[in-house]
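Values reported hereafter were calculated over all heavy atoms of this structure, with side chains retained and with hydrogens, waters and symmetry mates removed.
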Amino acid sequence: MTDQYSVAGIVDAALGNAARLLPVNPQAAAQQAHEILKLSSGHLEATLLLARALRMQDKADEAVVVLEPLAAADGASERVFLELGSALIESGEAARALACFETLTQKFPDDARGWMARGHALAILGRQEDSIAAYREAIARQPSLGEAYWSIANLKTARFGAEDVEAMRSALARPELSLEDRLHFDFALARALEDRGEYPQSFVHYARANAVRRKLLPYSAARTHDYVERLKSVFTAEFFAARAGAGTAAADPIFIVGLPRSGSTLVEQMLASHSSIEGTAELPIVPRMTKALSVAHKDAPPERYPETVAALSPDRLRQLGERYLALAKIHRKQDKPFFLDKMPNNFFHAGFIHLILPSAKIIDVRRHPLACGVSCFTHHFAFGQPFLYDLADIGYYYADYADLMAHFDAMLPGRVHRVFYERLIADPEGEIRRLLDYCGLPFEDNCLRFHDTERPVRTASAQQVRQPMFRDGLEHWRVYERWLGPMKAALGPALDDYPSTEAQA
């Protein structure tokens with residue numbers, strides 16, 4: 001009896017330590033979880049923690065292997081199915097994720113979050129009507145679940161009725177509504193009012209929603225600006241020249257960078273319609289690699305990226321390129337020579353990408369600053385973009401992005417190919433031909449029929465890229481122009497100069 005309790009105590013203590021490690025060091029948390037499972041085979045919490053730690057290391061396929069036995073066991077909980085389905089989506093297995101969530105809603109029909117997860121999987125697969133039906137089931141079971149309303153609004157092509165508007169207003173009138181549900185209801189109601197042309201009230205709700213999220217996600221524009229200046233000081237023409245020939249020569253990756261809501265998903269869908277290019281997802285590989293290059297020391301100042309790149313040998317740069325390819329291979333499901341990595345924030349790392357993958361292509365998709373900024377402000381991003389919840393922050397961020405890309409244009413002439421969203425809409429064939437020339441590929445008509453391409457799309461534009469291009473949204477930002485003073489002031493020359501900064505293929 002005593003031994004049993006002592007083992008349980010050891011397991012509980014180790015589990016608590018692993019949970020604390022998870023956000024800062026998922027690799028160490030995974031090792032701790034493995035040790036717990038040696039002591040207590042099949043321990044539910046340890047297994048779930050191990051799966052989360054693997055996902056945070058871009059090892060979703062391994063997380064699936066860990067979770068599948070739990071899901072197959074009698075009495076598997078909702079949490080197991082939710083975790084497994086999420087891991088399947090991250091590993092590019094949206095159809096299997098949908099099957100997992102269908103099992104979840106069959107076993108636990110009153111679980112609102114299970115229905116919402118099912119709706120997410122259906123949306124990724126392009127089954128919009130079924131997706132809306134699943135979100136409606138979630139709302140029926142938990143009317144206070146604001147995220148389900150926002151999920152419908154986030155489809156972009158769906159519309160709310162008068163009863164929905166009244167339900168959202170009623171929910172927002174409840175003082176006990178959680179902050180998380182409140183901001184989702186505000187975002188969803190703002191979208192509904194926008195669709196009805198009630199722009200002043202729509203903006204009020206967008207501003208409220210963003211203000212809530214801004215408080216929950218601290219952000220410093222000054223820190224981002226300092227980071228950009230440090231990147232510019234490290235990645236100079238002389239720095240690149242001294243490392244010519246380093247990295248791995250593989251030309252498989254095509255990186256698409258830029259700001260959210262810039263049109264990058266449209267470019268991704270066009271390129272993924274080419275017979276030689278596979279579309280994957282927003283792969284977190286490069287940001288995690290660069291983060292790992294910052295080293296903390298107990299009794300000395302930390303070594304920070306990007307300054308640490310200067311100490312990397314040619315062999316180490318080659319190894320990092322090979323490491324990227326190995327991690328990306330997990331997400332490649334088709335036998336095609338090229339694949340897409342559409343992680344917008346990789347614009348910060350264009351210099352690092354050039355060093356480790358000098359033959360990879362880098363495409364910068366850019367949209368009018370105010371159009372892009374308004375689209376960001378009127379969209380709720382689940383995580384990872386803390387600058388999007390304040391008009392001035394968006395403006396400063398865009399200005400830093402444009403400045404950094406102009407720096408890379410000067411340091412590596414012709415290395416980055418720029419696509420301006422407005423020009424793409426005006427002349428899709430001409431722009432896609434120029435883009436494919438840059439990629440060294442022949443033109444294919446399928447790239448213009450991108451909306452017919454069937455593939456999972458996990459971004460906010462998933463439903464839009466399944467429709468033909470339209471010009472109606474190009475100037476839509478103007479309905480909110482009267483409130484954009486802070487964004488305009490922060491943008492400065494980036495607004496006046498658009499679109500003068502160009503990179504040539």
Practice task
Begin with the C-alpha distance, continue with both residues' side-chain angles, and end with the deciding distance and a verdict on side chain to side chain contact (heavy atoms under 4.5 Å, CB included) for Thr265 and Ile256.
Solution key: CA-CA 9 Å; Thr265 303; Ile256 301 176; over 6 Å; no

Exercise for the section: Check for a donor-acceptor pair, side chain of Glu78 on one end and backbone N or O of Leu104 on the other, with a separation under 3.5 Å. Expected result: no

Fill in the blank from the handout: Note: Leu145 and Ala112 closest approach over all heavy atoms is CD2-CB, 4.0 Å

Problem - Ser86 side chain to Leu82 backbone, donor-acceptor under 3.5 Å - result: yes

Handout entry: Close side-chain approach of Ser91 to His331, heavy-atom, < 4.5 Å
Key = no

Exercise for the section: May I ask you to decide whether Asp252 forms a salt bridge with Arg332, counting only side-chain N to carboxylate O separations under 4.0 Å? Expected result: yes

Problem - Ring center gap for Phe347 and His349 short of 6.0 angstrom - result: no

Practice task
Might you point out which heavy atoms bring Ala148 and Ala138 nearest each other, and give the distance in Å?
Solution key: CB-CB, 4.2 Å

Completion exercise
CG of Leu177 to OG of Ser170, rounded to nearest 0.5 Å, is 11.5 Å

Exercise for the section: Answer yes or no: are there more than 12 heavy-atom neighbours, outside Arg182 itself, under 6.0 Å from its atom CZ? Expected result: yes

Completion exercise
NZ (Lys215) and CG (Asn210) are apart, to the nearest 0.5 Å, by 12.5 Å

Exercise for the section: Please confirm whether His205 and Phe185 have ring centers closer than 6.0 angstrom. Expected result: no

Handout entry: His184 side chain near Tyr149 side chain, heavy-atom distance below 4.5 Å
Key = no

Exercise for the section: Please determine, by modelled atom types, if Tyr480 and Ser202 share a side-chain donor-acceptor pair under 3.5 angstrom. Expected result: yes

Handout entry: Residues Asp61 and Lys59 bridged, charged N to O under 4.0 Å
Key = no

Practice task
Output yes when Glu147 and Arg113 qualify as a salt bridge under the 4.0 Å nitrogen-oxygen rule, no when they do not.
Solution key: yes

Problem - Donor-acceptor pair, side chain of Arg367 and main chain of Arg261, under 3.5 angstrom - result: yes

Practice task
Just do the salt bridge (Lys or Arg N to Asp or Glu O under 4.0 Å) check on Asp130 and Arg118 with the steps written out, would you?
Solution key: CA-CA 9 Å; Asp130 292 334; Arg118 180 170 172 170; over 6 Å; no

Practice task
Starting at CZ of Phe81, measure out to OG1 of Thr105 and round the result to the nearest 0.5 Å.
Solution key: 10.0 Å

Fill in the blank from the handout: Of all heavy-atom pairs linking Arg288 and Met56, the shortest is CZ-O, 2.8 Å

Exercise for the section: For the residue pair Asn345 and Glu282, establish whether any side-chain heavy-atom pair is separated by less than 4.5 Å. Expected result: no

Problem - Side chain to side chain, Tyr389 and Ile394, heavy atoms closer than 4.5 Å - result: no

Practice task
Calculate, to the nearest 0.5 Å, the distance between atoms CD1 and CD1 belonging to Ile124 and Ile89 respectively.
Solution key: 4.0 Å

Problem - Backbone of Ala60 reached by a side-chain donor or acceptor of Glu90 within 3.5 Å - result: no

Exercise for the section: Indicate yes or no: does Arg79 engage Glu83 in a salt bridge with an N to O separation below 4.0 Å. Expected result: no

Exercise for the section: Kindly say whether His43 contributes a backbone atom to a donor-acceptor pair with the side chain of Ser40 at under 3.5 angstrom? Expected result: no

Problem - Main-chain N/O of Pro442 paired with His274 side-chain donor or acceptor, under 3.5 Å - result: yes

Exercise for the section: Would you kindly say whether Thr378 and Glu194 are connected by a side-chain donor-acceptor distance under 3.5 Å? Expected result: no

Practice task
Ignoring hydrogens and angles, tell me if any N or O in the side chain of Glu137 forms a donor-acceptor pair with the backbone of Trp115 under 3.5 Å.
Solution key: no

Handout entry: Pair Glu166 + Arg169, salt bridge at N-O below 4.0 Å
Key = no

Handout entry: Leu88 vs Leu67 side-chain heavy atoms within contact, under 4.5 Å
Key = no

Problem - Cationic tip of Lys342 above Phe255 ring, under 6.0 Å, 45° of axis - result: no

Practice task
Answer yes or no: is there a side-chain heavy-atom contact under 4.5 Å between Gln142 and Met116?
Solution key: no

Problem - Validation row: Leu320, Met289 side chains within 4.5 angstrom (heavy atoms) - result: yes

Completion exercise
By ring-ring contact (aromatic ring centres under 6.0 Å, His included), Phe187 pairs with (sequence neighbours left out) Trp150, His380

Problem - Salt bridge Arg213-Glu180, side-chain N to carboxylate O under 4.0 Å - result: yes

Problem - Qualifying residues under salt bridge (charged side-chain N to carboxylate O under 4.0 Å, His left out), relative to Glu102, sequence neighbours excluded - result: none

Fill in the blank from the handout: Per side chain to side chain donor-acceptor pair (under 3.5 Å), Thr224 is matched among Tyr397, Tyr219, Tyr401 by Tyr219

Exercise for the section: Kindly indicate, with the supporting measurements, whether the criterion side chain to side chain contact (heavy atoms under 4.5 Å, CB included) is fulfilled by His120 and Phe101. Expected result: CA-CA 10 Å; His120 293 341; Phe101 293 138; 6.0 Å; no

Problem - Residue pair Ser273 / Cys447: nearest heavy atoms and the distance that separates them - result: CB-CA, 4.0 Å

Practice task
Would you please test Arg214 and Asp393 for salt bridge (Lys or Arg N to Asp or Glu O under 4.0 Å) and show each step?
Solution key: CA-CA 10 Å; Arg214 180 69 175 81; Asp393 285 344; 3.0 Å; yes

Handout entry: Atom of Ala153, atom of Arg191 and distance for their closest heavy-atom approach
Key = O-NH1, 2.9 Å

Handout entry: Stepwise side chain to side chain contact (heavy atoms under 4.5 Å, CB included) check, Gln201 with Phe203
Key = CA-CA 5 Å; Gln201 280 301 305; Phe203 187 82; over 6 Å; no

Practice task
Taking all heavy atoms of Cys439 and all of Ile254, pick out the closest pair and write down the distance.
Solution key: SG-CD1, 4.1 Å

Problem - Side-chain heavy-atom pair Leu424, Phe420 within 4.5 angstrom cut-off - result: no

Problem - Under 3.5 Å side-chain donor-acceptor pair for Tyr421 and His368 - result: no

Problem - Cationic N near anionic O, under 4.0 Å, Arg96 to Glu68 - result: yes

Handout entry: Rounded distance [0.5 Å steps], CG in Asn154 versus CZ in Phe381
Key = 8.5 Å

Exercise for the section: Give the C-alpha distance, both sets of side-chain angles, the deciding distance and a yes or no for side chain to side chain contact (heavy atoms under 4.5 Å, CB included) between Val257 and Val365. Expected result: CA-CA 6 Å; Val257 305; Val365 184; over 6 Å; no

Handout entry: Polar side-chain atom of Arg434 near backbone of His417 as donor-acceptor pair, under 3.5 Å
Key = no

Handout entry: Salt-bridge criterion met for Glu93 and Lys333 (N-O under 4.0 Å)
Key = yes

Exercise for the section: Tell me, with the steps shown, if Asp427 and Arg433 meet salt bridge (Lys or Arg N to Asp or Glu O under 4.0 Å). Expected result: CA-CA 10 Å; Asp427 180 19; Arg433 283 184 180 275; over 6 Å; no

Practice task
Mind checking the CG-CD spacing from Leu22 to Gln27? Nearest 0.5 Å is all I need.
Solution key: 12.5 Å

